[in-house]
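Comments concern the structure below.
Small disclaimer: the values here were computed from a predicted structure and weren't measured. Whatever order the structure lists ligands and atoms in, that order sets their numbers, starting from 1. All heavy atoms count here, side chains included; hydrogens, waters and symmetry mates do not.
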Amino acid sequence: MLNLVLFGPPGAGKGTQSNLLIDKYNLVHLSTGDILRGEITAGTALGLEAKALMDRGDLVPDEVVIGMISSKLDNNPNANGFIFDGFPRTAAQATALDNLLAEKGTAISAMLSLKVEDAELIRRLLERGKNSGREDDKNEVIIANRINEYNTKTAPLKEYYSAQNKLSEIEGIGSVDEITSKLNEVIDTL
Ligand code: AMP
């Protein structure tokens, strides 16, 4: 199986690139942000609990997102592989993901980390906020909180995957096609 963690701060282009990679490599896209927004739209109790945190740009609890990923893995027993987008975001999520995959006799193949500077992230997210309908894209204070959550809780996961020799860092500035090509180059060596 090909199991990729597409990593990087909010606004780095993870969603855009995931959508291109799933077609080329025939993978299942698992975005915890998309799944949570689906729960909010469906009006579930989980969605209601998550919404307040998401609107502030805070992370939702580990057990919530780990449970969601676990059931998505169970629901796709014949997948060729997965792209994890926006997950894992904490050390507890990373170890849980390794354990879930090990139970299925597989593992993460690589972490592809997109690097984009903060000023560009803020610019992209505010631009996206004009149309995305996302409360967390509209306000610079909330965007700053999301970037801070990333820097403090999520970015350290690069060390976790680096220790397993699975980390590739890719410059996330350039055209969508240029970045896709750089990702393809790394994936094709796996
Ligand atoms: P995203 O769509 O990845 O930008 O995520 C939007 C929001 O959903 C985040 O700011 C968090 O509040 C929540 N979220 C998404 N994925 C996770 C995760 N793996 N762990 C905790 N919170 C998450």
Side-chain angles (χ1 to χ4, degrees), residues 3-22 27-73 82-101 108 111-118 120-161 172 179:
N3 297 312
L4 305 172
V5 174
L6 198 51
F7 196 74
K14 301 185 295 293
T16 303
Q17 292 298 332
S18 292
N19 282 324
L20 297 167
L21 295 173
I22 50 171
L27 303 173
V28 175
H29 182 194
L30 294 184
S31 156
T32 40
D34 285 349
I35 300 167
L36 287 165
R37 282 183 288 276
E39 296 282 337
I40 292 172
T41 305
T44 65
L46 192 158
L48 209 64
E49 182 196 341
K51 186 177 186 328
L53 294 164
M54 291 169 75
D55 284 352
R56 287 202 299 268
D58 291 340
L59 294 187
V60 306
D62 286 334
E63 55 275 19
V64 171
V65 287
I66 292 167
M68 285 178 352
I69 288 288
S70 173
S71 63
K72 292 286 175 187
L73 292 176
F82 296 91
I83 294 193
F84 298 95
D85 162 8
F87 181 91
R89 262 179 157 99
T90 64
Q93 292 178 27
T95 42
L97 179 59
D98 276 354
N99 292 336
L100 288 171
L101 292 174
I108 290 297
M111 169 191 263
L112 310 170
S113 176
L114 294 170
K115 207 174 135 203
V116 178
E117 63 184 32
D118 286 2
E120 172 66 8
L121 298 173
I122 295 165
R123 194 193 64 73
R124 287 185 190 180
L125 291 170
L126 287 172
E127 185 61 34
R128 185 172 79 182
K130 292 178 187 168
N131 301 306
S132 68
R134 284 177 58 167
E135 287 304 317
D136 60 348
D137 284 345
K138 286 188 185 148
N139 173 321
E140 233 178 287
V141 175
I142 293 167
I143 290 173
N145 187 39
R146 291 165 66 196
I147 294 174
N148 184 52
E149 288 278 77
Y150 174 79
N151 286 331
T152 54
K153 298 175 184 165
T154 307
L157 297 185
K158 282 191 262 181
E159 304 295 325
Y160 180 85
Y161 289 94
I179 298 162

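Electrostatic pairing of Asp137 and Arg146 counts as a salt bridge here, judged by a charged N lying under 4.0 Å from a carboxylate O. With respect to the salt-bridge test (charged N to carboxylate O, under 4.0 angstrom), the residues Glu127 and Arg123 do not qualify.
Considering backbone and side-chain atoms alike, Leu53 places every N or O at 3.5 Å or more from each N or O of ligand 1.
Here Tyr150 and Phe7 bring their ring centres to under 6.0 angstrom of each other.
Between Ser31 and Ile83 the shortest side-chain heavy-atom distance does not fall below 4.5 Å.
The ligand atoms of ligand 1 that sit less than 4.0 angstrom from a heavy atom of Met54 are 7 (C), 8 (O), 12 (O), 13 (C). Ligand-side atoms of ligand 1 in range of Gln93: 18 (C), 19 (N), 20 (N), 21 (C), range being under 4.0 angstrom from any heavy atom. Those atoms of ligand 1 with a heavy atom of Gly33 less than 4.0 angstrom away are 2 (O), 5 (O), 15 (C), 16 (N). Short contacts between ligand 1 and Arg146, defined as distances under 4.0 Å to a heavy atom of the residue, involve ligand atoms 4 (O). Atoms of ligand 1 found under 4.0 Å from any heavy atom of Arg37 (numbered from 1 in listed order, with element): 2 (O), 6 (C). Shown in contact with Thr32 at under 4.0 Å from a heavy atom are these atoms of ligand 1, numbered in order with element: 15 (C), 16 (N), 17 (C), 18 (C), 19 (N). Residue contact check: Leu36 has heavy atoms under 4.0 Å from atoms 8 (O), 13 (C), 14 (N), 15 (C) of ligand 1.
In terms of protein heavy atoms, atom 15 (C) of ligand 1 is closest to Arg89 NH1, 3.2 Å. Among all non-hydrogen protein atoms, the one lying nearest atom 4 (O) of ligand 1 is Arg134 NH2, 3.2 Å.
With hydrogens and angles ignored, the 3.5 Å screen pairs no side-chain donor or acceptor of Lys115 with any backbone N or O of Ala12.
Considering only non-hydrogen atoms, atom 12 (O) of ligand 1 lies nearest to Asp58 out of Leu59, Asn145, Val60, Asp58.
Minimum heavy-atom separation, Ser113 to Lys158: OG-CD, 3.7 Å. Among all heavy-atom pairs drawn from Asn145 and Arg56, the shortest one is ND2-O, 2.9 Å.
Distance CG/Leu4 to CD1/Ile108: 7.5 Å, rounded to 0.5 Å.
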